[in-house]
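As the structure is a prediction and not an experimental result, all values here were calculated from the model. Below, read A as the first sequence line, B as the second, and so on, with proteins coming before strands; counting in each chain starts at 1.
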There are 2 protein chains.
Amino acid sequence: MSLPDQAEGTTRRPSRQRSAVLALLDGLDGFRSAQDLHALLRQRGDSVGLATVYRALQALVDDGQVDVLRGDDGEASYRRCSTGHHHHLVCRSCGRTVEVADPPVERWAARVAAEHGFADVQHQLEVFGICSDCAARG
Amino acid sequence: MSLPDQAEGTTRRPSRQRSAVLALLDGLDGFRSAQDLHALLRQRGDSVGLATVYRALQALVDDGQVDVLRGDDGEASYRRCSTGHHHHLVCRSCGRTVEVADPPVERWAARVAAEHGFADVQHQLEVFGICSDCAARG
DNA sequence: AGCGTTCATGGGAATCATTCTCACATAGGT
DNA sequence: ACCTATGTGAGAATGATTCCCATGAACGCT
Ligand SMILES: [Mn+2]
Ligand SMILES: [Mn+2]
Ligand SMILES: [Zn+2]
Ligand SMILES: [Zn+2]
């Protein structure tokens, strides 16, 4: 049902920078902007050029290892995710994210698209809210 | 369930420009970018400043008369929509859009959020595909 | 280890949608 | 007609993302 991930096998020459980006993402559980990730890398000492951060993220996205989300302001946020198809429950305040699945909506999307003569169907479903930690703080 | 639309009653001084934007949207059935709408207004003769197009669209969005969608490139697209809560089936090629509803997913989103302790829940669900007209052309 | 080829990096310029500024126009009430 | 609050528009400013290109690092070969 999900896209073939045709670019998944692309060989890339390993580099300290790419590893640093992936390692950073592994230690975070929420969606973060490229700018944020770049700043975090600097603090951590693993300095990486901003352009390289964007390139690394794009490569990971193409490879299906990272998910992207567009905020209301249009800024992209990235998160290390499981490779299968899923959706997200995201905290608007801190970005904390839970991966969720909803089989019924998968069928619904396919059916409603077919009913209207649409082919090549994709869908996106995200749930936003305030997590309990953030609600406690105010 | 949907947001209170608190700004809905804001009084705004009428203007030729605002009317032109709304009239243009009424004659279109797909999502269009602000830049596109601005260009269309110029062609049509109702010239309106780009900043004013953005202001008019933002006002309509705040008023709940227009929906916004963020494309993969982060560019915002706008469409005159019915005021109630709904989702969209959008053609990736021409933007043609059908409004759709899915009551089950409404309940599902509320439940899954509650199960994880999230409050102040919103969700967004969009379906993308290629409409029959565009599929016919190739 | 040395060398050449190929690909990755990074800093800064370029892009581009969107927002801001502010001088000017205009709607509406007097 | 006149006043005042608000809308407009041209261009500047903003800010995320991408592009450019000279430099650096990885790989394959010797
Ligand atoms: Mn799904
Ligand atoms: Mn819904
Ligand atoms: Zn939170
Ligand atoms: Zn179409």
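Place A/R42 and B/S77 on DNA chain C by their nearest nucleotides, and A/R42 ends up nearer the 5' end. For the pair B/P14 and A/A34, both in contact range of DNA chain D, the more 5′-proximal nearest nucleotide belongs to B/P14.
Judged by distance alone, the side chains of A/H87 and A/D102 never bring a donor and an acceptor atom under 3.5 Å apart.
Residue B/Y54 places at least one side-chain N or O under 4.0 Å from the OP1 or OP2 atom of C/dT18. Under 4.0 angstrom from either OP1 or OP2 of D/dG7 there lies no side-chain N or O belonging to B/Q17. OP1 or OP2 of D/dT8 lies within a sub-4.0 Å distance of a side-chain N or O belonging to B/S15.
In the displayed structure, B/D72 atom CG is contacted under 6.0 Å by at most 12 heavy atoms of other residues, nucleotides or ligands.
Look at CG on A/D72: it is 13 Å from P on C/dT18, rounded to the nearest Å. Distance CD (A/Q58) to C1' (C/dA8): 16 Å, rounded to an integer number of Å. Atom C1' of nucleotide D/dT17 and atom CD of A/E75 are separated by 10 Å, given to the nearest angstrom. Rounded to whole Å, the distance from CG on B/D62 to C1' on C/dT19 is 15 Å. When rounded to the nearest whole Å, the span between CZ of A/R12 and C1' of C/dC7 equals 11 Å. Protein atom CD of B/Q35 is 5 Å distant from nucleotide atom P of C/dA17, rounded to whole Å. Atom pair A/R18:CZ and C/dA8:C1' shows a separation of 8 Å (rounding to whole Å applied). For the pair A/D36 CG and D/dA16 C1', the interatomic distance rounds to 12 Å; values are reported in whole Å.
Atoms CZ and OG1, on A/R55 and A/T52 in that order, are 4.0 Å from each other to the nearest 0.5 Å.
Between the side chain of A/R55 and the base of C/dG10, a donor-acceptor pair under 3.5 Å is found. With hydrogens and angles ignored, a donor-acceptor pair under 3.5 angstrom links the side chain of A/R13 to the base of C/dT6.
Hydrophobic cluster membership differs between A/V66 and A/L50, with clusters built from Ile, Leu, Val, Met, Phe, Trp and Tyr side chains linked at under 4.5 angstrom.
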Query - Derivation and outcome, salt bridge (Lys or Arg N to Asp or Glu O under 4.0 Å), residues A/R79 and A/D67 - result: CA-CA 5 Å; A/R79 177 179 186 268; A/D67 278 357; over 6 Å; no
